[in-house]
Chemist: 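Handing you this structure, nothing more for now.
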Amino acid sequence: MKMSHYFLPTLKEVPSEAQLVSHRLMLRAGMIAQECAGIYHWLPLGLRVLQKVEGIIRKGLDDAGFHELLMPTLQPAELWEESGRYEAYGKEMLRITDRHDRRLIYGPTAEEAITDIVRRFIKSYRELPQVLYQFQWKFRDEIRPRFGVMRGREFYMKDAYSFDIDRESAEKTYGRVIQAYMEIFKNLGLKAIPVRADTGPIGGDLSHEFQVLAETGESDIYYDGDFDDFTFRGGEEDLNRIKKLYAMADDMHDSALCPVPEDRLKHKKGIEVGHIFYFGTKYSLPMKTTVTNEQGKPILVESGSYGIGVSRVVAALIETNHDEFGIKWPEQVAPFKIGLINLKVGDDQSDRVCAEIYERFRNAGVEILYDDRPESVGVKFSTMDLIGLPYQIIVGPRGLKEGQIEVKDRRSSEKILCSVEDLYQRFLSHA
Ligand code: P5A
């Protein structure tokens with residue numbers, strides 16, 4: 001991508017309404033633009049990150065054997081009346097009337113919609129367990145939307161729903177999701193702690209939030225300091241280890257009952273990037289969703305739901321990966337891997353070398369953003385630091401005279417001088 005033709009409306013000024021660093025940086029880096037309170041456009045650079053995050057989550061869920069589908073954003077009010085949540089959900093739910101005076105809602109979540117699908121199409125215990133998921137926009141009319149996409153009104157969620165024949169197998173499925181989530185957050189470059197939580201309006205009797213530690217987080221959590229040294233590698237053993245380690249949301253923590261000695265207990269702020277629930281027959285009972293068991297008798301299905309705030313994850317990644325100059329993307333979620341800076345557009349040799357590097361990388365399938373604008377060196381450096389691509393390749397007449405270009409690692413700030421051949425060797429030898 002050439003920057004001269006790209007749509008990257010970066011801002012010099014820090015927008016005053018934005019308090020949170022991720023919100024400021026997303027606006028300044030031209031990733032998002034506000035449409036109205038709690039509702040944002042995802043501009044090209046931001047969308048690339050959102051899609052990277054989505055891809056990593058999708059892979060983790062597919063690897064776990066779950067199946068993707070896509071449900072509409074709009075749902076009929078009747079489904080919510082069946083479950084009893086139409087009134088209960090209150091003002092957070094956006095209610096819409098169509099031209100025939102039919103009542104619709106813009107889904108804040110989709111337990112009812114998916115339960116309806118299962119009751120229509122799944123008939124036998126043989127078809128279970130089943131875990132279905134989607135990526136879809138949600139709307140919740142939060143009283144105080146704030147912090148940009150961290151707490152929006154319209155936001156992008158991955159929501160999964162599980163169906164089992166009994167509690168025992170439902171708990172196994174719940175464990176499979178925890179494992180998949182640990183793997184996913186690790187692959188995203190986030191350290192997320194599964195914390196015991198209250199079940200809120202989704203309901204049920206077992207629930208965990210996935211919290212990323214960050215001073216700017218809105219949640220209060222208490223957890224066993226052993227979590228800090230624990231790296232999830234997968235498998236049954238690690239899952240059991242996680243289940244045993246104490247981690248509680250603020251309202252679930254009771255210092256009198258807490259089994260962790262005081263010197264090991266940590267109290268920190270977190271960003272809730274995921275939330276999972278086991279709720280048994282909360283929806284299958286009122287919505288009469290049964291399958292036949294081995295004896296041919298109808299039994300209610302046992303369910304859970306599992307969310308990841310995909311758009312919030314993008315903000316959480318910035319909260320945990322930035323410095324005073326801008327974002328420092330982990331490679332796997334970066335909008336481009338490489339930023340190529342031409343220090344002197346119009347200089348024959350610089351233009352030629354940049355054009356060659358750009359083509360070579362593009363042909364090798366490496367995502368590269370080429371700053372070919374006739375801007376000052378200062379603007380180019382600060383733009384590249386702001387948008388946070390993992391590697392900067394800096395080309396100018398002075399270096400080229402010595403046969404050299406510069407490569408800067410945005411995360412470590414390490415800079416090296418090398419030849420163009422060395423550059424290809426380093427980045428393209430296995431491409
Ligand atoms: C689980 C999936 C649910 O809605 N039903 C389907 C369950 N859970 S939840 O905790 O209410 O939401 C799941 C995750 O979505 C993110 N999230 C938000 N992100 C941005 N802005 C918001 N206003 C917002 N509300 C929820 C969170 O990451 C949450 O864990």
Side-chain angles (χ1 to χ4, degrees), residues 20 22-23 26 32 34 37-40 42 50 53-54 57 61 66 69 71 73 75 80 83 85 88-94 105-115 131-163 173-174 177-178 180-181 184-185 188 190 192-204 206-212 214 217-219 221 249 270-279 282-283 303-319:
L20 209 63
S22 57
H23 187 194
M26 288 180 86
I32 57 167
Q34 191 182 51
I39 303 182
Y40 290 85
W42 285 77
L50 190 69
V53 170
E54 177 175 340
I57 298 172
L61 298 174
F66 307 154
L69 83 175
M71 294 180 276
T73 52
Q75 302 171 18
W80 287 69
S83 72
R85 281 209 292 183
Y89 218 95
K91 289 198 165 167
E92 272 202 9
M93 189 150 76
L94 181 63
I105 62 109
Y106 191 119
T109 177
E111 281 79 6
E112 284 79 357
I114 194 85
T115 303
V131 181
L132 297 167
Y133 75 91
Q134 68 169 347
F135 290 89
Q136 182 58 288
W137 293 92
K138 301 287 186 285
F139 190 89
R140 294 182 186 175
D141 206 349
E142 307 256 352
I143 309 181
R144 286 189 59 207
R146 56 206 151 128
F147 308 141
V149 300
M150 189 71 96
R151 180 170 296 280
R153 291 198 297 164
E154 193 181 36
F155 61 97
Y156 201 44
M157 192 198 285
K158 185 287 297 173
D159 41 327
Y161 305 88
S162 68
F163 300 89
T173 301
Y174 190 91
V177 176
I178 293 184
Y181 272 31
I184 286 168
F185 287 119
L188 284 167
L190 289 171
I193 298 179
V195 173
R196 272 302 286 267
D198 192 20
T199 56
I202 309 291
L206 178 60
S207 175
H208 286 83
E209 289 167 357
F210 284 76
Q211 295 278 354
V212 169
E218 285 193 279
S219 314
I221 58 173
I271 300 169
E272 183 201 310
V273 288
H275 200 161
I276 63 175
F277 305 82
Y278 164 71
F279 46 69
K282 181 175 153 89
Y283 300 93
S303 292
S305 69
Y306 314 88
I308 296 180
V310 186
S311 42
R312 179 179 288 181
V313 162
V314 176
L317 280 162
I318 297 175
E319 289 296 325

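Reckoned from all heavy atoms, side chains included, excluding hydrogens, waters and symmetry mates. Each ligand, and each atom within it, is numbered from 1 in the order the structure gives.
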Chemist: Give the residue, atom name and distance (to 0.1 Å) of the protein heavy atom nearest atom 21 (N) of ligand 1.
Modeler: G152 N, 3.1 Å
Chemist: Report the nearest protein non-hydrogen atom to atom 6 (C) of ligand 1: residue, atom name, distance rounded to 0.1 Å.
Modeler: T109 OG1, 3.2 Å
Chemist: Any salt bridge between E111 and K282, counting N to O under 4.0 Å?
Modeler: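 Salt bridge absent between E111 and K282.
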Chemist: Please list the nearest protein heavy atom to atom 20 (C) of ligand 1 with its residue and the distance rounded to 0.1 Å.
Modeler: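 In this structure, atom 20 (C) of ligand 1 has M150 O, 3.4 Å as its nearest protein heavy atom.
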Chemist: What protein heavy atom sits nearest atom 16 (C) of ligand 1, and how far off is it?
Modeler: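 Ranked first by proximity to atom 16 (C) of ligand 1 is G309 CA, 3.6 Å.
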Chemist: What do you reckon, does Y161 put a non-hydrogen atom under 4.0 Å from ligand 1?
Modeler: yes
Chemist: Who's the nearest protein heavy-atom neighbour of atom 8 (N) of ligand 1, and how far?
Modeler: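 Answer for atom 8 (N) of ligand 1: F277 CE1, 3.4 Å.
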Chemist: For the residue pair Y181 and F210, is the inter-centroid distance of their aromatic rings smaller than 6.0 Å?
Modeler: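 Ring centres of F210 and Y181 closer than 6.0 Å.
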Chemist: Please step through side-chain hydrogen bond (donor to acceptor under 3.5 Å, both in side chains) for the pair S83 and E112, ending with a clear verdict.
Modeler: CA-CA 7 Å; S83 72; E112 284 79 357; 2.6 Å; yes
Chemist: Please report the closest heavy-atom contact between A110 and D159, naming both atoms and the distance.
Modeler: CB-OD2, 3.8 Å
Chemist: Could you label the plane-to-plane angle of the H275 and F277 rings as parallel, tilted or perpendicular, counting under 30° as parallel and over 60° as perpendicular?
Modeler: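 H275 and F277: parallel rings.
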Chemist: V149 near ligand 1, heavy-atom distance under 4.0 Å?
Modeler: yes
Chemist: Could you identify the single nearest non-hydrogen protein atom to atom 30 (O) of ligand 1 and state the distance to 0.1 Å?
Modeler: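 Atom 30 (O) of ligand 1 sits closest to the protein heavy atom E272 OE2, 2.5 Å.
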Chemist: When you measure from atom 13 (C) of ligand 1 to every protein heavy atom, which one gives the shortest distance, and what is it?
Modeler: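 Looking at atom 13 (C) of ligand 1, the protein heavy atom closest to it is M157 CE, 3.7 Å.
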Chemist: Testing the basics here: between H208 and L206, what is the closest heavy-atom pair and its distance to 0.1 Å?
Modeler: CE1-CD1, 4.2 Å
Chemist: Could you establish whether E111 and ligand 1 come within less than 4.0 Å of each other, counting only heavy atoms on the residue side?
Modeler: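 Per 4.0 Å heavy-atom rule, E111 contacts ligand 1.
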Chemist: Check this for me - ligand 1, R140, N or O atoms closer than 3.5 angstrom, yes or no?
Modeler: yes
Chemist: When the aromatic ring centroids of F155 and W137 are compared, is their separation below 6.0 Å?
Modeler: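 No.
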Chemist: Looking at R312 and E319, is any side-chain nitrogen of the basic one under 4.0 Å from a carboxylate oxygen of the acidic one?
Modeler: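 Result for this pair is no, no salt bridge flagged.
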Chemist: Looking only at protein heavy atoms, identify the closest one to atom 25 (N) of ligand 1 and say how far it is in Å.
Modeler: F155 CZ, 3.5 Å
